[in-house]
Amino acid sequence: DFAASRNIVMAANFHGGYEVVNYPWDTWERLHADDVWYRHISRNFADSAQEYSPPGYMESLDDGITNGYAWYPVHGGRQDFMNYWHGCRETVIEISTIKLVSANTLPSYWEYLRVSLFDDIGEALYGVRGVATDADVGLPVGVTITVLNHDIDSSMVFSDPETGNYHRMIEPGTWDIRFDHEDYEPYIAYGVVENDNDLTALDVQLVPYASQFVCGDANGDDNANPMD
């Protein structure tokens, strides 16, 4: 209910028991459409954590990162739930080999991870982002944003219906991006260029579909031209 009532762009859930950044998918062996981007942000998180912590911290598996399924399959986890059903980019971050760390050690973990956490949040400000609005009245529209020839397994994202704001974090490249809503004509932005650690601003105005045809005129003439 919490996720459904909000347009969450990016998230992480934190665990103890290991020291690693775990990225999707946990459920499937096949890779997420944004696997390159996920490995990039996970690598940044782990590298920064290593820089601000004692030697040996967060160096497990692939030097502090792992694909979830490659580590061990999980079915029904929150990471995949948020990614698949809510268009949210979520990772699992295991911060300690101790399952439940004592409260008096939390300030130390905060120092290890503070920069990593702020940088991870900042990743939501890169990629393609903007506002989707109604072309006639300028009001925000909640649209589905799909990167053509890229998105699979429900990897599309959504704009916030209350503000029209959207964020599509993605690896560097040139992309064709489609914006859809059942009440509007689809809009495709071709050749959108995204560079590494950069922002591409793309505001979109969607054109409402024409009024539905009505058979019969105001006088009840069922033979009236429906195009009138």
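Checking side-chain atoms of N83 against main-chain N and O of E90 turns up a donor-acceptor pair under 3.5 Å. Looking at T146, its side chain never comes within 3.5 Å of a backbone N or O of R178 through a donor-acceptor pair. The main-chain N or O of Y69 is never found under 3.5 Å from a side-chain atom of E29 such that the two would form a donor-acceptor pair. Between the side chain of S154 and the backbone N or O of Y84 there is at least one donor-acceptor pair closer than 3.5 Å. Within the 3.5 Å criterion, the main-chain N or O of A49 finds a donor-acceptor partner in the side chain of S116. Without hydrogens or angle criteria, S5 side chain to F2 main chain gives a donor-acceptor distance under 3.5 Å. When atom types are taken as modelled, the side chain of W28 and the backbone of P24 share no donor-acceptor pair closer than 3.5 angstrom. The backbone N or O of G16 sits less than 3.5 Å from a side-chain atom of K99, completing a donor-acceptor pair. A donor-acceptor contact shorter than 3.5 Å is absent between the side chain of N165 and the backbone of V131.
Environment of CH2 in W110: crowded, with over 12 heavy atoms of neighbouring residues, nucleotides or ligands closer than 6.0 Å. The number of heavy-atom neighbours closer than 6.0 Å to CG of L139, taken from other residues, nucleotides and ligands shown, is above 12. Enclosure of atom CG in D136 by more than 12 non-hydrogen atoms of other residues, nucleotides or ligands within 6.0 angstrom is indicated.
A chain of hydrophobic side-chain contacts below 4.5 Å, direct or via other Ile, Leu, Val, Met, Phe, Trp or Tyr residues, connects V128 to V141. No single ILVMFWY cluster, assembled from side-chain heavy atoms under 4.5 Å apart, contains both I95 and L61. Hydrophobic clustering keeps V204 apart from I188 (ILVMFWY residues linked when any side-chain heavy atoms are closer than 4.5 Å, directly or through intermediates). Linking ILVMFWY residues whenever their side-chain heavy atoms come closer than 4.5 Å, directly or via other members, leaves V36 and Y23 in distinct clusters. Residues L106 and Y52 fall into different hydrophobic clusters, defined by Ile, Leu, Val, Met, Phe, Trp and Tyr side chains chained together at heavy-atom separations under 4.5 Å.
Between R168 and V192 there is no side-chain heavy-atom pair separated by less than 4.5 Å. Side-chain atoms of P186 and D180, non-hydrogen and from C-beta on, do get closer than 4.5 Å to each other.
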Hey, mind stepping through W25 and D80 against side-chain contact (heavy atoms from CB on, under 4.5 Å) and telling me if it holds? CA-CA 6 Å; W25 296 105; D80 285 8; 3.4 Å; yes

Going through the distances and angles, do V157 and R89 end up as a side-chain contact (heavy atoms from CB on, under 4.5 Å)? CA-CA 9 Å; V157 300; R89 299 302 186 248; 3.7 Å; yes

What's the verdict on side-chain contact (heavy atoms from CB on, under 4.5 Å) for L113 and Y57, showing C-alpha distance, side-chain angles and the deciding distance? CA-CA 11 Å; L113 300 170; Y57 181 71; 3.8 Å; yes

Begin from the C-alpha positions of E162 and N7 and carry the test side-chain hydrogen bond (donor to acceptor under 3.5 Å, both in side chains) through to its verdict. CA-CA 9 Å; E162 295 185 2; N7 189 54; over 6 Å; no

Under the side-chain contact (heavy atoms from CB on, under 4.5 Å) rule, what do I145 and I177 come out as? Steps first, then yes or no, please. CA-CA 7 Å; I145 298 123; I177 306 176; 3.5 Å; yes

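Between L202 and A189, the closest heavy-atom pair is CD2-CB, 3.8 Å. Minimum interatomic distance between I8 and A3 (heavy atoms only, all atoms of both residues): CD1-CA, 4.1 Å. The heavy-atom pair separating G64 from R43 by the smallest distance is N-NH2, 4.5 Å. In terms of heavy atoms, S42 sits closest to I65 at O-CG2, 3.3 Å. Taking each heavy atom of A46 and D63 in turn, the nearest pair found is CB-O, 4.0 Å. When every heavy atom of W37 is checked against every heavy atom of E171, the shortest pair comes out as CB-N, 4.1 Å.
Between the OG1 atom of T91 and the CD atom of Q79 there is a distance of 6.5 Å, given to the nearest 0.5 Å. Rounding to the nearest 0.5 Å places OG of S159 at 8.0 Å from NE2 of H181. Remark: T133 OG1 to Q205 CD distance equals 4.5 Å, nearest 0.5 Å. If you take CG on D203 and CZ on R129, they are separated by 10.0 Å, rounding to the nearest 0.5 Å. Atom CE in M169 sits 8.0 Å away from atom CD in E123 (nearest 0.5 Å). Distance CG/L199 to CG/N197: 11.5 Å, rounded to 0.5 Å.
For the 3.5 Å distance criterion, the side chains of D134 and Y184 qualify, holding a donor opposite an acceptor. In this model, a donor atom of one side chain and an acceptor atom of the other lie less than 3.5 Å apart for D34 and H150. E94 and N22 share no donor-acceptor pair across their side chains, judged by distance under 3.5 Å alone.
In this structure, H32 and Y38 have perpendicular ring planes: the angle between them is above 60°, well past the 30° mark. Aromatic ring pairs are classed by plane angle as parallel below 30°, tilted from 30° to 60° and perpendicular above 60°; the pair Y18 and W71 is tilted. Classified by interplanar angle (parallel below 30°, tilted 30° to 60°, perpendicular above 60°), the ring pair F81/H86 is perpendicular.
Checked against a 6.0 Å centroid threshold, the rings of Y126 and H167 do not count as neighbours.
No option in V20, V74, N13 other than N13 meets the side chain to side chain contact (heavy atoms under 4.5 Å, CB included) test with V92.
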